Amino acid sequence: MKSLQISLPGLELKNPIMPASGCFGFGREFSQLFDLSLLGAIMIKATTFEPRFGNPTPRVAETTAGMLNAIGLQNPGLEKVMNEELPWLDQFDVPIIANVAGSQEEDYIAVAKDISKAPNVHALELNISCPNVKTGGIAFGTIPEVAKILTKKVKEVSEVPVYVKLSPNVTNIVEMARAVEDGGADGLTMINTLVGMRIDLKTGKPILANKTGGLSGPAIKPIAIRMIHEVSQHVSLPIIGMGGVQSAEDVIEYYYAGASAVAVGTANFVDPFVCPTIIEELPELVRSLGFEHISECTGRSWKNG
Amino acid sequence: MKSLQISLPGLELKNPIMPASGCFGFGREFSQLFDLSLLGAIMIKATTFEPRFGNPTPRVAETTAGMLNAIGLQNPGLEKVMNEELPWLDQFDVPIIANVAGSQEEDYIAVAKDISKAPNVHALELNISCPNVKTGGIAFGTIPEVAKILTKKVKEVSEVPVYVKLSPNVTNIVEMARAVEDGGADGLTMINTLVGMRIDLKTGKPILANKTGGLSGPAIKPIAIRMIHEVSQHVSLPIIGMGGVQSAEDVIEYYYAGASAVAVGTANFVDPFVCPTIIEELPELVRSLGFEHISECTGRSWKNG
Amino acid sequence: MIKKELCQIVSQAEIAEHIFKLTLQGELVREMNEPGQFVHLKVSDYAEPLLRRPISISDINKDENQFTMIYRAEGRGTALLSERKPGDFVDVLGPLGNAFPIEAASTGETALLVGGGIGVPPLYELSKRLVKRGVKVIHVLGFQSENVVFYDEDFTKLGETYVATVDGSYGTKGFVTNIIEDRKLTFDVLYSCGPTPMLKALENNYKDKKVYLSLEERMGCGIGACFACVCHTADDPSGHTYKKVCSDGPVFKAGEVLL
Amino acid sequence: MIKKELCQIVSQAEIAEHIFKLTLQGELVREMNEPGQFVHLKVSDYAEPLLRRPISISDINKDENQFTMIYRAEGRGTALLSERKPGDFVDVLGPLGNAFPIEAASTGETALLVGGGIGVPPLYELSKRLVKRGVKVIHVLGFQSENVVFYDEDFTKLGETYVATVDGSYGTKGFVTNIIEDRKLTFDVLYSCGPTPMLKALENNYKDKKVYLSLEERMGCGIGACFACVCHTADDPSGHTYKKVCSDGPVFKAGEVLL
Ligand SMILES: Cc1cc2nc3c(=O)[nH]c(=O)nc-3n(C[C@H](O)[C@H](O)[C@H](O)COP(=O)(O)OP(=O)(O)OC[C@H]3O[C@@H](n4cnc5c(N)ncnc54)[C@H](O)[C@@H]3O)c2cc1C
Ligand SMILES: Cc1cc2nc3c(=O)[nH]c(=O)nc-3n(C[C@H](O)[C@H](O)[C@H](O)COP(=O)(O)OP(=O)(O)OC[C@H]3O[C@@H](n4cnc5c(N)ncnc54)[C@H](O)[C@@H]3O)c2cc1C
Ligand SMILES: Cc1cc2nc3c(=O)[nH]c(=O)nc-3n(C[C@H](O)[C@H](O)[C@H](O)COP(=O)(O)O)c2cc1C
Ligand SMILES: Cc1cc2nc3c(=O)[nH]c(=O)nc-3n(C[C@H](O)[C@H](O)[C@H](O)COP(=O)(O)O)c2cc1C
Ligand code: FES
Ligand code: FES
């Protein structure tokens with residue numbers, strides 16, 4: 001499957017398909033279903049300095065062709081991720097992208113510093129865009145200058161390349177992308193979820209205990225495609241695209257928009273075998289579209305010819 | 001159907017259901033299908049000062065549970081709307097909400113001034129949020145101060161109440177709502193479409209000739225619900241809600257979020273009889289949920305009790 | 001009158017590779033009086049695929065309240081439609097649009113019907129009606145290759161019929177225009193439906209003749225309300241006058257709109 | 001082992017108002033060895049409804065590779081499921097979760113099985129297994145009203161069975177807890193599945209007994225990866241320790257997690 005091998009900052013991947021953060025835990029559950037070494041990479045669940053329980057339940061609600069989640073960054077905390085999850089994942093031949101979250105600068109820095117030292121962590125994904133955490137977080141993802149400074153500080157301590165995960169809940173996504181590029185980011189991952197809500201017909205109250213949640217799934221794909229199309233023309237960082245990917249065809253659409261790799265989130269819940277299925281189907285699709293290598297597809301929607 | 005009668009600034013409506021602007025033309029086509037007097041109101045297609053052809057085709061593309069459009073404000077221009085469309089609509093017992101668009105302040109003002117004089121125009125809908133027009137437009141919908149000033153100027157010339165149509169493509173929707181409230185708006189309509197894109201698998205190019213288009217349909221409903229939930233708690237203007245409404249149940253969800261009336265857009269293409277169907281089903285639904293009047297539903301998701 | 005009705009599937013069959021013939025029964029057949037109109041189909045009960053699909057009417061059977069369409073299962077919507085079975089219901093909006101004017105050809109005159117690929121179907125009902133009117137019909141049908149050729153025998157029963165395939169695997173190798181020129185076909189009126197380059201060629205070649213062309217465009221509403229399907233008029237190619245393919249067309253007189 | 005398989009519908013019937021009994025056949029029945037597990041169903045081939053639906057396994061037939069579920073057609077997903085016909089396929093992920101521990105009740109002991117509404121189904125396979133083990137079973141089943149009562153006869157065949165309805169239209173008027181108290185039912189082990197208030201009452205009333213409760217929570221993945229379905233542990237009610245209903249449950253020992 002030479003046609004799928006790709007190189008990105010810090011990442012030498014056998015294929016460009018990876019589960020998106022928060023949709024695959026730390027891989028344990030899916031390892032019962034298929035060999036994790038098949039994956040291009042794994043974006044593990046957001047890790048914060050302290051363990052977090054997250055939000056009260058219900059934490060998920062279905063929407064038309066999408067879902068809302070308000071998990072609230074539940075995770076066992078840096079120490080346990082370092083001592084238990086990452087060593088366990090080391091049995092697989094798959095690079096880990098560690099999703100780093102926090103509610104203040106120091107948290108991010110502390111997590112980034114440590115977790116980037118784990119031997120199988122090949123890159124960080126700076127989660128400045130989680131819509132489900134009340135304190136602080138929002139500014140990191142919506143104010144360019146704040147995002148830039150955070151990126152810079154995390155870069156200073158990280159031993160591996162840093163990808164910044166952009167929030168779609170902004171007026172100007174290019175401005176955000178440029179800011180984190182200025183801050184020294186090695187790549188972008190986009191998009192995180194859009195803030196949404198569903199209300200229960202009978203009770204009249206929001207279905208999610210947290211009221212609002214992040215919208216993901218096929219419903220948001222056209223928004224992600226548009227943003228990647230825009231951003232990829234204005235920054236020179238590689239982009240790992242995500243949002244509603246369900247099939248090999250969707251992966252190509254992301255490439256055409258400007259992505260260099262693709263992550264799969266919600267679709268893992270619909271079909272837990274979706275990642276290996278896409279990986280299996282991609283080479284033939286790439287070939288049938290007339291390409292030798294998938295990377296030829298990147299940015300075709302705006303490149304000449 | 002007393003349980004559906006509502007009063008809003010400028011609007012005494014027999015029911016709160018109206019087709020959304022751009023999804024019903026000027027009513028002529030739908031008048032072949034049902035009696036337009038059944039409708040609460042009609043939001044007519046955006047009117048600009050000069051006639052506009054709009055964007056090249058293809059202008060629509062389907063997405064999962066949604067569609068993109070880049071019509072580009074095609075319309076016959078103020079004069080023709082005043083002399084032909086509005087007089088024709090006058091045969092029906094239905095108030096018209098005139099959607100006013102432009103690419104610069106003067107255009108808006110000129111259209112608002114004239115069109116608000118038409119006897120069947122009971123309110124204006126200031127379209128500061130059309131994502132499909134290149135020049136100028138975008139600032140009106142994304143910069144609070146610009147929106148405020150425009151609202152103020154239009155209010156000065158309008159003979160009927162002015163509703164401002166908000167764009168969801170912003171970081172802070174409450175800030176926008178507050179700005180137009182300060183500018184003197186009588187009401188809000190929300191949301192307009194989200195900017196999106198689809199790329200053709202075979203050509204590698206965007207399906208829409210305009211590249212990007214506005215995303216509408218069931219896919220965006222949770223985003224609209226969240227925004228109305230937020231805005232309705234922070235401004236005291238009535239809100240006409242829209243985005244993905246397909247059923248009487250959806251209407252109630254909008255009410256719970258904080259809307260005082262509901263517009264139906266894309267669903268008119270899926271089922272051209274959707275508006276009369278909803279109007280027929282609403283009274284029984286309202287009753288079965290335990291309400292005497294639909295207005296009791298407004299804001300229940302955040303009001304006590 | 002435009003109606004919306006759940007019509008029942010009488011039959012459905014694959015008549016060439018990925019080409020399906022679908023016959024539906026419903027009251028709205030009573031409204032179908034002209035050849036060249038189309039219907040707008042909702043192919044699922046779900047929010048996905050969301051939009052209706054425009055498909056031409058290829059055969060009207062008033063006696064049985066049935067009509068037939070021929071379509072290519074291409075994307076998701078038509079693929080789903082092709083899975084429907086007799087007895088199932090399909091949500092139909094129609095009939096829509098303006099038809100081929102059969103009155104443009106008088107009894108005794110010759111009409112040339114030129115179809116390309118999936119543009120062939122609406123010509124079938126047209127041809128039947130022209131024959132009934134006493135018009136002599138000549139059909140020139142173009143396809144990609146043999147495996148997607150359909151209905152050539154049915155057309156042959158109505159009049160002279162020539163088939164061109166791009167790869168020469170069936171009929172004459174080449175395009176419909178080659179056949180018309182090579183065979184020096186003469187006619188009083190030309191009716192055509194097919195890909196835009198074909199329509200353009202015909203429009204250019206027969207400027208002096210009565211030519212009617214059926215256009216395609218991506219649609220939203222299908223009834224003229226959304227402005228998705230507009231085209232410029234030929235006399236104002238960059239101005240703001242326009243025609244809507246769904247409600248002013250899909251059939252236009254050559255020279256009326258910009259192709 | 002968790003499997004994903006298109007299982008074929010053997011039968012489906014409405015056994016009470018909006019309550020359906022659905023039997024599927026598939027290889028993954030081989031993996032079903034315990035009572036109280038559930039499956040996660042995709043009810044459409046569309047992106048809507050997007051998520052799977054968790055439904056308990058109520059009966060396992062290893063000989064025929066069949067299993068049965070009983071569910072209420074409530075929202076869109078279950079309504080669509082109820083329209084599926086024998087011969088159709090349903091996409092099943094399972095078996096999932098941890099079962100009721102039958103070994104908690106020894107031969108000769110008495111088990112009380114308390115079910116509320118749509119929580120009744122998983123108790124059926126449990127009861128069969130307990131009976132097989134030589135455990136005496138007593139069933140107390142609660143429903144809203146007569147029209148939604150189901151399976152009381154099937155349970156009666158396995159052991160003493162009491163039914164309560166909230167409106168008194170069938171069995172005893174009131175709640176399951178009323179029956180247990182009024183009849184002074186005694187038992188060694190209690191197994192229950194149903195609405196949370198019922199589970200809470202049972203947990204409180206029988207603190208000194210072995211009690212096993214099956215919980216419900218809105219789910220994403222159903223396999224433990226998404227953290228949608230967590231609950232606090234009872235010994236750390238506001239801390240960060242947790243259990244996942246889908247993979248640590250749905251059956252928990254009373255006192256283990258915060259209801
Ligand atoms: C007036 C008219 C008559 C037609 N008659 C026929 C016919 O008789 N037989 C036939 O096979 N086809 C016909 N077509 C084309 C047919 O509508 C498309 O092939 C069909 O909509 C594709 O849908 P899909 O789900 O397969 O593709 P998808 O790619 O899933 O469709 C996505 C969206 O694009 C639209 N779309 C894609 N291709 C076309 C196209 N070529 N024209 C218009 N919209 C398109 C779809 O309607 C849908 O909204 C006609 C089109 C028009 C406008
Ligand atoms: C472990 C487990 C076992 C279950 N076993 C059964 C059973 O045997 N029989 C039965 O009738 N029901 C059972 N349920 C409840 C069943 O899952 C819901 O009734 C069903 O998901 C509702 O889907 P819907 O499409 O009808 O409703 P919708 O309202 O359309 O569902 C929207 C979303 O909310 C979720 N949801 C809604 N209600 C519930 C609920 N009560 N529990 C969990 N998720 C919900 C849906 O799964 C879906 O994601 C079980 C639930 C769990 C967690
Ligand atoms: C249940 C759930 C949990 C998520 N948790 C995280 C997270 O911890 N960190 C993060 O950066 N993104 C998180 N996301 C966002 C996804 O990684 C992804 O950006 C988003 O869901 C869009 O992709 P999709 O449509 O394929 O799901 C989560 C998404 C879901 C659905
Ligand atoms: C084809 C189309 C044309 C539209 N034209 C306009 C317009 O002219 N003016 C406007 O304010 N909104 C316009 N809109 C936006 C709708 O009025 C509405 O805000 C949006 O589509 C969300 O509602 P929906 O999901 O019900 O379609 C248009 C939408 C569509 C789909
Ligand atoms: S498709 Fe809507 S105007 Fe033609
Ligand atoms: S449903 Fe995903 S962890 Fe339980």
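What you are looking at is a predicted structure, and each value in this text was computed from that prediction instead of being measured.
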Inset, instruction - Please list, chain by chain and in numerical order, all residues satisfying side-chain contact (heavy atoms from CB on, under 4.5 Å) with D:Cys221, sequence neighbours excluded. - result: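 Only A:Phe269, D:Ile223, D:Ala225, D:Cys226 meet the side-chain contact (heavy atoms from CB on, under 4.5 Å) criterion with D:Cys221.
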Inset, instruction - Mark yes when over 12 heavy atoms from residues, nucleotides or ligands other than A:Phe49 sit less than 6.0 Å from its CZ; otherwise mark no. - result: no
Legend entry - Interface moiety of D:Met219 toward chain A, non-hydrogen atoms closer than 4.5 Å: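 For D:Met219, the contact with chain A is made by the backbone alone.
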Inset, instruction - Might you point out which heavy atoms bring D:Gly220 and A:Val60 nearest each other, and give the distance in Å? - result: N-CG2, 4.2 Å
Donor-acceptor pairs under 3.5 Å, chain A versus chain D:
{"residue": "A:Gly25", "atom": "N", "partner": "D:Ala225", "partner atom": "O", "Å": "3.2"}
{"residue": "A:Glu29", "atom": "OE2", "partner": "D:Lys244", "partner atom": "NZ", "Å": "3.3"}
{"residue": "A:Thr57", "atom": "OG1", "partner": "D:Glu217", "partner atom": "OE1", "Å": "3.0"}
{"residue": "A:Arg59", "atom": "NH1", "partner": "D:Phe227", "partner atom": "O", "Å": "2.7"}
{"residue": "A:Glu62", "atom": "OE1", "partner": "D:Arg53", "partner atom": "NH1", "Å": "3.4"}
{"residue": "A:Glu62", "atom": "OE1", "partner": "D:Arg53", "partner atom": "NH2", "Å": "2.7"}
{"residue": "A:Glu62", "atom": "OE2", "partner": "D:Leu50", "partner atom": "N", "Å": "3.0"}
{"residue": "A:Glu62", "atom": "OE2", "partner": "D:Leu51", "partner atom": "N", "Å": "2.7"}
{"residue": "A:Glu62", "atom": "OE2", "partner": "D:Arg53", "partner atom": "NH1", "Å": "3.0"}
{"residue": "A:Val270", "atom": "O", "partner": "D:Arg52", "partner atom": "NE", "Å": "2.7"}
{"residue": "A:Val270", "atom": "O", "partner": "D:Arg52", "partner atom": "NH2", "Å": "2.9"}

Inset, instruction - Using the test ring pair (Phe, Tyr, Trp, His ring centres under 6.0 Å), find all partners of A:Phe24 that sit at least two apart in sequence or belong to another chain. - result: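 Counting only residues at least two positions away or on another chain, A:Phe24 forms a ring pair (Phe, Tyr, Trp, His ring centres under 6.0 Å) with A:Phe30.
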Legend entry - Counterpart residues, ring pair (Phe, Tyr, Trp, His ring centres under 6.0 Å), relative to D:Phe143 (two or more places apart):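 By the ring pair (Phe, Tyr, Trp, His ring centres under 6.0 Å) rule, D:Phe143 matches D:Phe150.
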Inset, instruction - Examine whether an atom of A:Pro218 lies under 4.5 Å from a heavy atom of chain D, and if so say whether it belongs to the side chain, the backbone or both; otherwise answer neither. - result: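 When you check distances to chain D, only side chain atoms of A:Pro218 fall under 4.5 Å.
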Inset, instruction - Select, from A:Gly25, A:Gly22, A:Pro272, A:Pro51, the one with the greatest count of heavy-atom pairs under 4.5 Å involving chain D. - result: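 When all of A:Gly25, A:Gly22, A:Pro272, A:Pro51 are compared, A:Pro51 has the most.
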